[in-house]
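For reference, the structure is listed below as structure tokens.
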Amino acid sequence: MRLYSTKNTTNFVSLEEAVFKGLPDDNGLFMPEAIPPLPDEFIQNLKDYSFQEIGFEVCKHLLKGVIPETDLQNIIEQSITFPAPLVKLSEEAYILELFHGPSLAFKDFGARFMAQLMSYFNKGNDRELVILVATSGDTGGAVAAGFYKTPGIKVVILYPSGKVSHLQEKQLTTLGENVTAIEVDGTFDDCQALVKQAFLDKNLTNNIRLSSANSINIARLIPQSFYYFEAYKQLPRDGNPVAFCVPSGNFGNLTAGLFAKKMGLPIHQFIAATNSNDVVPAYLYSGTYTPRPSVVTLSNAMDVGNPSNFARILDIYCSTWNNIKGDIKGYSFDDKQTEGCMRDVFSKYSYVLDPHGAVGYLALSKHQAQNKDTKGVVLETAHPSKFLPDVERILGQKIEVPERLAILSEREKSTTKMGIGYESFKDWLLRNY
Ligand SMILES: *Cc1c(COP(=O)(O)O)cnc(C)c1O
């Protein structure tokens with residue numbers, strides 16, 4: 001497997017280079033050179049494969065010998081450590097629960113796989129690798145848990161003091177071991193600026209091997225394609241067309257679904273569900289892509305005004321709007337509709353959706369109103385307890401908090417406090433690594 005940049009399709013790099021660099025020098029995004037279809041027998045016989053075995057087969061097919069099979073097996077076993085169950089709400093609507101990992105969001109799949117790949121490629125290198133991440137909340141938790149205790153790799157997470165939720169902060173600051181949290185007296189943008197400056201500082205990068213755990217890293221997309229196969233395996237086969245509905249922000253999850261389709265999974269329709277940040281649904285409708293500043297909503301992990309993976313979607317379809325809008329339908333909903341949907345689904349099915357999943361359910365329902373035989377799968381991207389105060393207010397009752405989140409509340413937070421000045425951050429890095 002080699003990868004090209006969406007801005008230069010004739011210049012290839014290895015998977016190792018793409019994973020450590022995150023972004024090509026030309027500021028495009030890395031794409032696999034080819035995403036060929038899997039054998040038909042595999043798709044027909046998905047039921048004979050466990051989730052891990054599906055991950056292994058899909059990955060082996062895509063990576064084409066870059067990693068020896070026994071090592072690849074090991075990487076998959078260490079990254080796919082929790083299930084992705086499909087829950088039936090009705091004959092036509094299913095929920096794919098992607099929140100059974102340590103940070104209770106689908107980002108756990110990508111973060112764990114990226115940690116394993118980096119650790120694999122880092123073997124035999126006696127210089128330790130330091131991963132720098134700036135987080136506004138969610139990504140940091142998944143990255144911290146994903147890299148926790150990974151040999152040879154240290155993780156430094158910068159977050160804005162007082163600007164992440166209580167439980168998000170606990171996810172970042174209570175692990176210890178190879179994970180260090182830096183509490184910055186500033187905003188998320190200040191955190192990001194510190195990380196950016198560090199990568200540009202030759203004096204620093206000559207002394208410390210730095211890498212990022214950026215959300216656009218191709219290593220995060222690859223494992224996200226596995227669970228589309230896992231969901232399809234669990235769906236009853238009745239010959240009706242299958243739609244996957246993806247609550248979207250930066251569109252990584254949906255792009256991974258397009259990879260699965262290219263690999264031969266018979267997905268008839270993708271539905272891009274967004275909150276009021278509707279740049280992509282507007283593009284699908286009009287053919288014009290107009291990024292704008294994001295607005296704050298209840299489903300805040302999707303508050304994105306210029307989705308970073310849009311360039312990958314254009315690349316897959318050679319920028320042909322007609323083909324894109326055939327495969328992907330887009331719908332957007334505001335907070336009031338989201339709240340109403342959470343209440344409806346709870347009263348009808350006794351199922352608690354989180355605000356992101358609710359946007360997805362709304363989009364699926366809207367699509368199915370016109371496409372009656374379509375069987376739909378909504379990707380539930382986070383556990384509702386991650387948004388506890390909102391969910392309890394909307395449903396008017398207490399909801400259950402999974403043990404792994406509940407125990408965090410009692411854990412002691414440990415951080416290094418810092419201002420927004422670069423020099424003190426640099427000194428700290430040089431003293432510690
Ligand atoms: C990150 C996130 C999303 C958006 O996913 P993209 O791949 O960026 O489209 C949706 N829901 C939740 C809960 C998330 O954390």
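These values consider heavy atoms only, across backbone and side chains, with no hydrogens, waters or symmetry-generated copies. In each ligand, atom 1 is the first atom listed, and ligand 1 is the first ligand listed.
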Ring pair (Phe, Tyr, Trp, His ring centres under 6.0 Å) partners for F99, two or more places apart:
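Applying ring pair (Phe, Tyr, Trp, His ring centres under 6.0 Å) to F99 gives H383.
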With the criterion set at N/O pairs under 3.5 Å, what does the list of contacts between the protein and ligand 1 look like, atom names and distances included?
unit_1, atom_1, unit_2, atom_2, d
ligand 1, 7 (O), G252, N, 3.1
ligand 1, 7 (O), N253, N, 2.9
ligand 1, 8 (O), N250, N, 2.8
ligand 1, 9 (O), G249, N, 2.8
ligand 1, 9 (O), N250, N, 3.3
ligand 1, 9 (O), F251, N, 2.8
ligand 1, 11 (N), T381, OG1, 2.8
ligand 1, 15 (O), K107, NZ, 2.5
ligand 1, 15 (O), D138, OD2, 3.2

Using a 6.0 Å distance limit plus a 45 degree cone around the ring axis, check whether R220 lies over the aromatic ring of F109.
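Because its charged atom misses either the 6.0 Å distance or the 45° angle limit, R220 does not stack over F109.
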Carboxylate-amine/guanidinium contact [X] [Y], below 4.0 Å:
| X | Y | value |
| --- | --- | --- |
| D315 | R312 | no |
| R292 | D278 | yes |
| E92 | K372 | no |

Checking T297 side chain against S299 main chain: does a donor-acceptor pair fall under 3.5 Å?
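Yes, the answer is positive, given that a donor and an acceptor are paired below the 3.5 Å cut-off.
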